[in-house]
Amino acid sequence: MLHSVTFALTTFLAATLTGAVPAPAPQTSAIPPICQVIPLGSPAVATSGPPSQPAGLELTNSAFLTTNNGSALLTTNGYKQTWKFTNGGFGAFDACRYYWLNIGNSTSVLKPLSWSLTQVSTNWIAGYGQNLTAAATPYYFQTDRFVACKLLQTPQVATSSGPVPTPVSSNATTPTSSTGSGPVTTAYPVANKWALYLQTGLGGYPSETDDGAQIVECVETKIYIEPLPYASTA
């Protein structure tokens, strides 16, 4: 009996010294973290903009609650989670991560604004209870002026023939029809949906966005980050 135990122990030690150790238990892949707590914050709202007031509309992402990058929009119900202001950035909490608002490198005085998981722009001056401001760069002076442009809904073509409506003017809320016949095409302004640009100088307004969405009208505005704690009036 003693001989058998001694032999087994000797065999195990020999295997260990030669590197033939028992295989470790398999490791399972780490479970990705689940966003269980959504930090509450306050909206960043447009403060002015006649003649069609976008005042009170909230800053958001055209790709809100997705894993995609998107453009800056003003809508009725925008971001209300916490903002991040580190390293000259302006980040919004969305889908368990922060998306950063970046200023496009356009040659136009109206700079397109987009959201990305990567912080590119580091010249934002931002904080609760103040206007969102872009600090001066070699290409433009410091500015807190923005331009909001109302978007037009993608036209819908009916299958039946009928009067052909005239294009929607900047002051129209519903299309009007002209004489003639053919497929009925209607185009209505999207309610409370405005593309947002940083205004860095004087110049004309665009007629469509970079992705081809038609613009009804554009107005100047500012973006105010509501202070904390925030109490909704809705």
Side-chain angles (χ1 to χ4, degrees), residues 43-79 89-92 94-95 99-121 123-124 132-134 137 139-140 143-157 165-175 185-224:
V45 300
T47 59
S48 60
S52 297
Q53 297 278 351
L57 297 183
E58 300 171 356
L59 181 62
T60 191
N61 186 343
S62 63
F64 179 53
L65 290 180
T66 73
T67 57
N68 301 318
N69 299 335
S71 58
L73 289 180
L74 293 175
T75 61
T76 303
N77 189 18
Y79 281 132
F90 183 58
D94 179 2
Y99 281 81
W100 298 93
L101 187 63
N102 293 317
I103 305 169
N105 295 322
S106 172
T107 56
S108 169
V109 295
L110 296 183
K111 308 299 183 185
L113 301 171
S114 61
W115 298 96
S116 172
L117 292 174
T118 302
Q119 180 185 349
V120 177
S121 297
N123 63 313
W124 287 116
L132 179 63
T133 302
T137 72
Y139 308 101
Y140 53 84
T143 178
D144 63 354
R145 297 181 301 167
F146 294 82
V147 168
C149 296
K150 179 181 284 188
L151 301 181
L152 190 70
Q153 180 177 318
T154 301
Q156 298 176 347
V157 179
T166 58
V168 178
S169 68
S170 60
N171 297 321
T173 56
T174 58
T185 303
T186 57
Y188 297 91
V190 175
N192 298 324
K193 192 171 184 180
W194 300 66
L196 191 67
Y197 299 85
L198 178 68
Q199 187 178 39
T200 61
L202 299 178
Y205 295 150
S207 59
E208 64 179 30
T209 62
D210 290 342
D211 58 4
Q214 188 176 348
I215 290 174
V216 179
E217 62 178 322
C218 296
V219 294
E220 294 185 10
T221 189
K222 295 185 178 182
I223 303 300
Y224 177 71

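As the structure is a computational prediction, the values presented were derived from the model and not from experiment. Sequence positions, counted from 1, serve as the residue numbers for this chain.
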In the structure I gave you, are the side-chain heavy atoms of Asn123 and Ile103 within less than 4.5 Å of one another anywhere? yes
Side chains of Trp100 and Val120: does their closest heavy-atom pair fall under 4.5 Å? no
Could you tell me the separation between the CG atom of Leu151 and the OG atom of Ser71, rounded to the nearest 0.5 Å? 8.0 Å
The residue among Asn102, Leu113, Leu132 that forms side-chain contact (heavy atoms from CB on, under 4.5 Å) with Phe90 is Leu132
Residues Trp194 and Lys150: closest non-hydrogen pair is CE3-N, 3.2 Å
Measuring from Thr118:OG1 to Tyr99:OH, what's the distance to the nearest 0.5 Å? 10.5 Å
Gap separating the NZ atom of Lys222 from the CZ atom of Arg145, nearest 0.5 angstrom: 8.5 Å
Decide yes or no for Ser48 and Thr221: does some side-chain heavy atom of the first lie under 4.5 Å from some side-chain heavy atom of the second? yes
Distance from Ile223 atom CD1 to Leu198 atom CG, nearest 0.5 Å? 10.5 Å
Centres of the Tyr79 and Trp115 rings: under 6.0 Å? yes
Evaluate Val109 against Leu202 for side-chain contact (heavy atoms from CB on, under 4.5 Å), listing each step before the verdict. CA-CA 7 Å; Val109 295; Leu202 299 178; over 6 Å; no
Any side-chain heavy atom of Pro206 sitting closer than 4.5 Å to one from Tyr197? yes
OH/Tyr139: more than 12 non-hydrogen atoms of other groups inside 6.0 Å: no
Side chain to side chain, Val219 and Val147, heavy atoms closer than 4.5 Å: no
Supply the atom-to-atom distance Leu101 CG to Gln119 CD, rounded to the nearest 0.5 angstrom. 10.5 Å
Give, for atom OG of Ser121 and atom CG of Asn105, the distance between the pair rounded to the nearest 0.5 Å. 8.0 Å
Would you indicate whether the side-chain heavy atoms of Gln199 and Leu110 approach each other to under 4.5 Å? yes
